[in-house]
Amino acid sequence: MPELPDLEIFAINLEKQFKNKTLESVKVIVSKKLNVTETELREALEGHKLTEVLRVGKTLQLRFGGGNILGLHLMLHGRLMPVTEDPPKHQIIQFQFAGGNAFALTDFQKQATPTLNPPENRVPDALSQEFNISYLKRAVAKKQTTIKQVMMDQKIVRGIGNAYADEILWKARISPKSAANKIPEPRLKELHQAIDDVLRTEIINLTRALPDVYDTEVRDFLVIHGAGIKESPTGHKIKVETIGGRKAYYTDEQELFV
DNA sequence: GTGCGTGTTAAACT
DNA sequence: CAGTTTAACACGCA
């Protein structure tokens, strides 16, 4: 159940293990979410080297020699797991590389989605150049919903999920319940800065914590979002409330704009 | 046994 | 009609 920083680490660590290795075979165990047939997938990918692994929004892209790209969306419960003598449960798709190493995408809920050659998406990534302050200003101007829902809307900006939205809004000192179009411009700038800070800092933390693995998530660095957390780093009691159908964790340090 | 969940989508609302 | 809310997905975990 990864978010952007986790996916960034998975991409880096998958590259460490599999970059420039030839994909010997790809096996489709659950095909319901795949956009092509297993035969088409094998013809596109087998025998080609994995040239690059990128994170794009909440997806990973496995890029292969020959120009084909396999997108992977892990959804809520998807995981990437090494395939060993004791293979992982609930496999969706499995990748066997020359040299004997293999990994699989798993998901007990069967929601994780592999997509061959995913269509270009014009929505900016949260860490991209295109996601700048003027874009954010334009995006929120039309929106009367809460700022938290806007931040998590993948049609507006790609990559921010429920947990990091809470972390970012606390850092920006803006209430998640604030109306998006009522946030003054200086505070929007702070929000933009907080998005960048929180995500990039988390990537650095996770790089240090997980130098090699792509099958593990660490949530040790969250300071606001989590059932076990009672107080913010500055000692304010954390409140929990459902906003837009998902749990929001926040404190009264965060200013409400309505 | 109970309740909950880091995402997305279609259906059902307003 | 457009925007917003809900249920469903199906299992592991506390």
(message) The side chain of A:Y249 is closest to which nucleotide in this list: C:dT5, B:dG5, C:dA10?
(response) B:dG5
(message) Using a heavy-atom cut-off of 4.0 Å across all strands, would you classify A:G161 as base, sugar-phosphate, or nothing?
(response) sugar-phosphate
(request) Let me know the distance between CZ of A:R79 and P of C:dG12, rounded to the nearest Å. (result) 11 Å
(message) If we check side-chain hydrogen bond (donor to acceptor under 3.5 Å, both in side chains) with A:Q149, which of these qualifies: A:T145, A:T146, A:D153?
(response) A:T146
(request) Under the side-chain contact (heavy atoms from CB on, under 4.5 Å) rule, what do A:V223 and A:I229 come out as? Steps first, then yes or no, please. (result) CA-CA 7 Å; A:V223 297; A:I229 306 175; 5.6 Å; no
(request) Would you kindly give the NE2-to-P distance between A:H225 and B:dG7, to the nearest whole Å? (result) 8 Å
(message) The side chain of A:F108 is closest to which nucleotide in this list: B:dC4, C:dC11, B:dG7?
(response) C:dC11
(request) State whether the distance check finds a donor on one side and an acceptor on the other, under 3.5 Å, for side chain A:R246 versus base B:dG5. (result) no
(message) Using the side-chain heavy atoms of A:T145, tell me which of these nucleotides is nearest: C:dA10, C:dT4, B:dG7.
(response) C:dT4
(request) Check whether more than 12 heavy atoms from other residues, nucleotides or ligands sit under 6.0 Å from atom CD of A:Q144, and answer yes or no. (result) no
(request) Look at all strands and tell whether A:Q154 reaches a base, only sugar-phosphate, or nothing, counting heavy atoms closer than 4.0 Å. (result) sugar-phosphate
(request) Send over the distance from A:K148 NZ to C:dT4 P, rounded to a whole Å. (result) 17 Å
(message) Between P on B:dG7 and CG on A:L72, what's the gap in Å once rounded to a whole number?
(response) 17 Å
(message) Can you tell me which nucleotide in C:dC11, B:dT8, C:dC9 comes closest to the side chain of A:H73?
(response) B:dT8
(message) Here's a test for you: under side-chain contact (heavy atoms from CB on, under 4.5 Å), which of A:I147, A:I224, A:V198, A:D196 qualifies with A:I168?
(response) A:V198
(message) Using whole Å, what does the distance between atom C1' of nucleotide B:dG7 and atom NZ of A:K58 come to?
(response) 6 Å
(message) Just the rounded figure in Å: distance from P of B:dT9 to CG of A:N35.
(response) 14 Å
(request) Taking atom P in both C:dC1 and B:dT9, compute the distance separating them and give it to the nearest angstrom. (result) 23 Å
(request) Among the candidates C:dG12, C:dA10, B:dG7, find the nucleotide nearest to the side-chain atoms of A:K32. (result) C:dA10
(message) Check the orientation of A:H90 and A:F108. Use parallel for under 30°, tilted for 30 to 60°, and perpendicular for over 60°.
(response) perpendicular
(request) Counting Watson-Crick and G-U wobble pairs only, both distances under 3.5 Å, name the nucleotide matched with C:dA10, or none. (result) none
(message) I want to verify a distance call: between B:dG7, C:dA10, C:dG12, whose nearest atom is closest to the A:Q109 side chain?
(response) C:dA10
(message) Expressed as a whole number of angstroms, how long is the span from A:Q144:CD to B:dT14:C1'?
(response) 14 Å
(request) Give a yes/no answer on whether the side chain of A:K110 brings an N or O atom under 4.0 Å of OP1 or OP2 in C:dA10. (result) no
(request) Answer yes or no: is there a side-chain heavy-atom contact under 4.5 Å between A:K32 and A:Q111? (result) yes
(message) If I take atom CE in residue A:M152 and atom P in nucleotide B:dG7, what distance separates them, rounded to the nearest angstrom?
(response) 6 Å
(request) Sticking with atom P, work out how far B:dG3 lies from C:dA7, rounded to a whole angstrom. (result) 15 Å
